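Step one of this worksheet: look at the structure below.
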Amino acid sequence: MQQIPDQMRQAADAPLDYAAAWKARTGRPVIGLLPMNFPGELAHAAGCLPTLLQEDDEPITIGQSNMFNFYCGYNRSIVDQTMRGRFDGLDAIMFGDHCVQLLGTADIIRAEKPDLPILFNQLCTVLDAGWAMRETRGTFSQIWKELEALTGEAIDPAAAAQSIRLFNRNRAQIRALYDLRRRGEVSISGRDMQAVVKSSMVMDKDEHVSLMDLLLRDMPRQAPGSGDLPIYLSGHMCHAPKPEIIDLIEECGIRIVNDDLFTGWRFVHADMDESLAPVEAMASWYIEKNRSLPCPTRAIKGKDWQDYLLVELENSGALGLVVLMVKFCEPHMYFYPEIKAAFDEKAIPHLLIETEHEQMPLEALKTRVETFAEIVRRRATALAA
Ligand code: SF4
């Protein structure tokens, strides 16, 4: 059974190599997507491979001269990969402006790779504004036209509807795995869970759907529950946390029962409405997914991330919260004090871990996680007494 997560991890760890092989096999374009809101469905309907651009493990070297040190690791890695020629096999990048640092990254890529088409589109950030749906519809219609111009072929609305169905199916499969894990009916490590989601971001969708069918069918089932401490993992916008951090958390006797990571539940929690016309479905998906799972880069009045987390902790049976914050991620940094205050008020244990692209001192981190686990355990014992 481990064969399937391993196969997924291979694509997840080397997405650009996977994309190059796909392109050589199919002769079709590969479109790099920036997180977190561009629908891969549209690129898929245009006959392209959408690949969500990932941070890689290489140290930032030649990219450093182009960027401020206080840009997040994701942005610095994307610039560095651009300058190392890693994106040369892409036919375009779909860019957005969901945080200010990405604007700088787009400028650098344009300057460094003038021949690489950058489809830059602005998605509205105030999602409860009266004009939000109209604006979003307009943006996705614009991307639709830009993709048609790029490939030189019209996108058939029926193909877009088919892509929406396929992507919905893939999200539903991953959600089913999440449900099994939450109930403790399957044992899957956080590292493998990340490989499942990350590979779904970069692999050919039909191939991923087939692998998920096998995984869901063949995973050994177990009696629900586990002796480990159930914990909810939150944060980490835009890219996957390093697997070593997930391993370290689990090695401290913690079981991750749910998360809202972008390379996680945030990526799969919302489907597109198959009864709507494709652009309408994409626009309402964009607005609704950020309404149902608040994102610090979008604004909706009266919808706060901390309220979502408090409810989700209870629903998942988690006894504490671990927040993974990407170093220099401004949207997350601005939002975190609200989360901290809400969890302090309810006396729910929580731990903030700031992650970096560069090597992190894991021994010191392990001591902090062990201490947190002990606090959670003692509180659980006190509550049960
Ligand atoms: S991780 Fe944060 S700072 Fe980095 S690109 Fe995403 S939202 Fe922006």
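Atoms within each ligand, like the ligands themselves, are counted from 1 in listed order. What you see is a predicted model; the values in this text were computed from it and never measured. Values below: every heavy atom of this structure, side chains too, minus hydrogens, waters and symmetry copies. Note that the numbering runs from 1 along the sequence shown for the chain.
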Q | ligand 1 atoms in contact with Q101 (distance to a heavy atom under 4.0 Å) | A |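 Those qualifying, in numeric order: 3 (S).
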
Q. Which atoms of ligand 1 are found less than 4.0 Å from any heavy atom of N75?
A.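 It comes down to these atoms of ligand 1: 4 (Fe), 5 (S).
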
Nearest-contact summary for [atom] - protein heavy atom, Å:
atom	answer
atom 8 (Fe) of ligand 1	C99 SG, 2.2 Å
atom 4 (Fe) of ligand 1	C72 SG, 2.4 Å
atom 2 (Fe) of ligand 1	C329 SG, 2.4 Å

Q. Can you tell which of G235, P35, C238, C295 gets a heavy atom nearest to atom 7 (S) of ligand 1?
A.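 Of the listed residues, C238 has the closest heavy atom.
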
One thing to verify: whether [Y] and [X] come together as a salt bridge, which I'm taking to mean a side-chain N less than 4.0 angstrom from a carboxylate O.
X	Y	value
R137	E280	yes
R291	E288	yes
R86	D17	yes
D192	R181	no

Q. Non-hydrogen atoms of H332 versus ligand 1: any pair closer than 4.0 Å?
A.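 Not so, H332 does not reach ligand 1.
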
Q) E41 pairs by salt bridge (Lys or Arg N to Asp or Glu O under 4.0 Å) with which of R171, R169, K205? A)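 So the option named by the test is R171.
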
**Q.** Check: P278 and W144 side chains under 4.5 Å, non-hydrogen atoms
**A.**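 W144 vs P278: side chains touch.
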
